[in-house]
Structures are given as structure tokens and as C-alpha cells.
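Inspection log for the structure reproduced underneath, given as C-alpha cells.
Because the structure is a prediction, the values reported are computed rather than measured.
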Amino acid sequence: MRKSPHITSLGKVRPTFENDLGSVTVVDEKVLPILDGLSLKRVVLEPGAIREPQWNVNANQLAYVVSGTVLVSILGNADTFSSFVVRPGQMYHVESGAVYHIENIGPDRAELVLALRSERPRHFSVRDSFTAMTDAVLGNTFDLQASAFAAFDRSPAQQIVRRTGPADVTPTAKLPNAKLFDIESQAPVLTYSYGDARMARHQFWAALDDISMYSLRVRESGMREPHWHPVTAEMGYVAKGHARMRVLDPDLSLDEYLLGPGDLYFVPRAFPHHIEVIGDDEIHFLIFFDQPMPADIGYRATATAFSREVLAATFAIPERELPQFPFTPIDPLFVPRVNPRDPVGK
């Protein structure tokens, strides 16, 4: 298959930062130019590693923990503070401008997928912001002598640093928190024998105001119905499995591509597309949207909305030759596979 403008693989993207403690890989519009209003980062932290305190300049952030156990601390607007433990299958939200850190507090490697509400996210680190000021200014800020800051290393921040000593996890860090959402323990909002959907959106998580995420699992016996999102773009990350996706662009060019673990795709708002499993295993998608309450229009409801006379004229065939479309007032998200899978192109 030809190279697609809609897809890239994080396995082929060089990390923006990497050391023996972990890595940060960024897919923004420089990597995937079609991105608009969304981008993605993958952060890997070895045991005892800390993603240094920093803040996003121009983007709210929505994160999903793929593996490992991390401690997240956030200092937000008006000095509101929260600290909580995040485990696999859980999510957290960080507002733009809020300073936060991520710390691997478990015995295993931690992997996180972070969606940001900008195609070109920018950030500041606490280290760089402090060392931008003189020793005298820092001393005045903290009621100390300038000499108290003489030992500061003023080289650029390292992004991932090593913790010395045990992690400082207060008992309250294990309590429920408004910025924490346990999406995978949620009962699926939609469930069929061939797929299910769990949803992190404003309806269920009040912290979200311009971003959301669906955790979708589709089995070989089903398919994501062809559809489009009238007012939201879609950015998907493949956590597990293999699939085929087809997207129609406004110039009528057709883009079809295969997806595997670690792949990321982007579909602009209102572009029709569909997803189906390739192989015998289910596929698990993390699908991020640039709206707090995403919705779509599917092909099934579209065929119900218009009269058979209109559809016959549209497809230039006699009405008697039209298929008997099932009456569908609300699109089902998933549909069963009743036909053999089309051959997979190379």
C-alpha cells in the first residue's frame, strides 16, 4: 500500500528525548502534517524515573496509562493542588498551564500515552524556568541569600531524571480524585458480542471541556460502522491488534491502510471512514477527540433518513434494485460481520 498521509508509527518516530531512564516520543504536525488540534506523546519511564515537573503552554492534556504504576502531582490555577496514583487502564487530565510531574513508583516499566489539544504543543520545565532567573532573584523569591542557589546546574532540563530514595506517596494520593478516571473498570457504554466501547467524555468525567477519549475493542466478528464526525477530528492509537482503515478525502481520493500496535492515525472532522479487524484477535484502540462530547453520523442512519426515491435517484438505479436498508434511527457504532473480509492489499 502507498504511504498514507493519515498514519504514522511511533516505532518509526525518533524520540525527542531518551536516556537510560526512559524516553519521550512526540507525534505533532512536524511528524504528521495532517494533524489539526491534536497531537500525541508516548512517555516510557523505568522504575525510579521521574518525568520532571513541567507545564504545557497551549494544550490541555489527557493521559492513559498503558502499563506500570505512576504518581502524578498537579499544581493548577490559583494554587489548587492534587496528587494521585494512576494504574494501568486509568486516565488523568492536566489543564494547560498547570505544572505537573509523573513518577514511576512501581517495580515495572511504565508506559503512558498522552493526547494534547494542539497539533504543535509547547511546554516549559520547572528546571528551565527557575534557572532562567538569577541567583539574586531566586533568593529574593524564597527569602534566602543568593548563595543558596549557587549549586544549581543551569544546563537545559533533562526531561526524565532519577529519583534518589523511596517515592513520597501520601495516603491521600490513593483516594479518588476529580482529575483521575478509571475508564477500564467502567461498564461499557455500548457492548455487543463483536465489540464494546468505554467512554471518557464530559458526560462521565466533568473535568473534560475540550478533549475526550474512547477505549474501543472490536473483535474479528464485527466492524466499526462507516461514519463521520461532523464537529470533531479523531486521533487513534493502536494499543493492541491489527486492523484496516479506509478514509475518503474531499477530493475523492481514497486512503486505505493497515494498522498495528503503536500506530497512530488522524481523521479530520467530517471525513468518512471505517475500521475492521485483520486477523483473529481483537483490536484495542485509544481514540482521542477534540471535543468533550464527540458524536457521529453513520451510514445506517443516513440510509434511513432519506426516502427510497431519493436514494434511488442518488445512486442512479431503479428503486426496486435498492437494498432493503434496515430502519436505523440511532447508529449502533459497531456492526456484525456477515460477509467474508475483503482481501488485504499489499
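Listed by first and then second residue, the side-chain hydrogen bond (donor to acceptor under 3.5 Å, both in side chains) pairs involving residues 23-36 are Glu29-Arg120 (not counting sequence neighbours). Residue pairs satisfying the ring-ring contact (aromatic ring centres under 6.0 Å, His included) criterion with at least one member in residues 61-110, sequence neighbours excluded, are absent. The stretch residues 138-164 participates, sequence neighbours left out, in these salt bridge (charged side-chain N to carboxylate O under 4.0 Å, His left out) pairs: Asp20-Arg162, Glu103-Arg163, Arg127-Asp153, Asp135-Arg154. Sorted by first and then second residue, the side-chain hydrogen bond (donor to acceptor under 3.5 Å, both in side chains) pairs involving residues 73-85 (not counting sequence neighbours) are Ser73-Ser83.
With sequence neighbours left out, Pro107 forms a side chain to side chain contact (heavy atoms under 4.5 Å, CB included) with no residue at all. Contacts of Asp331 classified as salt bridge (Lys or Arg N to Asp or Glu O under 4.0 Å), with partners at least two apart in sequence or in another chain: none. The side chain to side chain donor-acceptor pair (under 3.5 Å) search around Thr304 returns none, not counting sequence neighbours. Applying the side chain to side chain contact (heavy atoms under 4.5 Å, CB included) rule to Glu46 yields the partners Arg109; only residues at least two apart in sequence or on another chain are considered. Applying the side chain to side chain contact (heavy atoms under 4.5 Å, CB included) rule to Phe204 yields the partners Phe181, Gln186, Val189, Met199, Arg201; only residues at least two apart in sequence or on another chain are considered. Partners of Asp342 under the side chain to side chain contact (heavy atoms under 4.5 Å, CB included) rule, at least two apart in sequence or in another chain, are Arg244. Residues passing the salt bridge (Lys or Arg N to Asp or Glu O under 4.0 Å) test with Asp290, sequence neighbours excluded: Arg269.
Side chains of Ser9 and Asp263: a donor on one and an acceptor on the other come within 3.5 Å. For the residue pair Gln90 / Asp182, a side-chain donor-acceptor distance below 3.5 Å is found, with atom types taken as modelled.
For Asp249, the CG atom counts as densely surrounded, since its 6.0 Å shell holds more than 12 non-hydrogen atoms of other residues, nucleotides or ligands. Counting non-hydrogen atoms of other residues, nucleotides and ligands closer than 6.0 Å to CE of Met133 gives a total of 12 or fewer. The 12-atom threshold is not exceeded at CZ of Phe306, counting heavy atoms of other residues, nucleotides or ligands nearer than 6.0 Å.
Of the options Arg246, Arg337, Arg224, Arg219, a salt bridge (Lys or Arg N to Asp or Glu O under 4.0 Å) to Glu276 is made by Arg337 and by none of the others.
No side-chain heavy atom of Val24 sits under 4.5 Å from any side-chain heavy atom of Arg42. Using a 4.5 Å heavy-atom threshold, the side chains of Leu208 and Leu62 count as touching.
With a 4.5 Å cut-off between side-chain heavy atoms of Ile, Leu, Val, Met, Phe, Trp and Tyr, the cluster of Ile297 takes in Trp228, Tyr299.
When every heavy atom of Val27 is checked against every heavy atom of Val13, the shortest pair comes out as CG2-CG2, 4.3 Å.
Relative ring orientation between Tyr194 and Tyr192 is described as parallel, the plane-to-plane angle staying below 30° on a 0-90° scale split at 30° and 60°.
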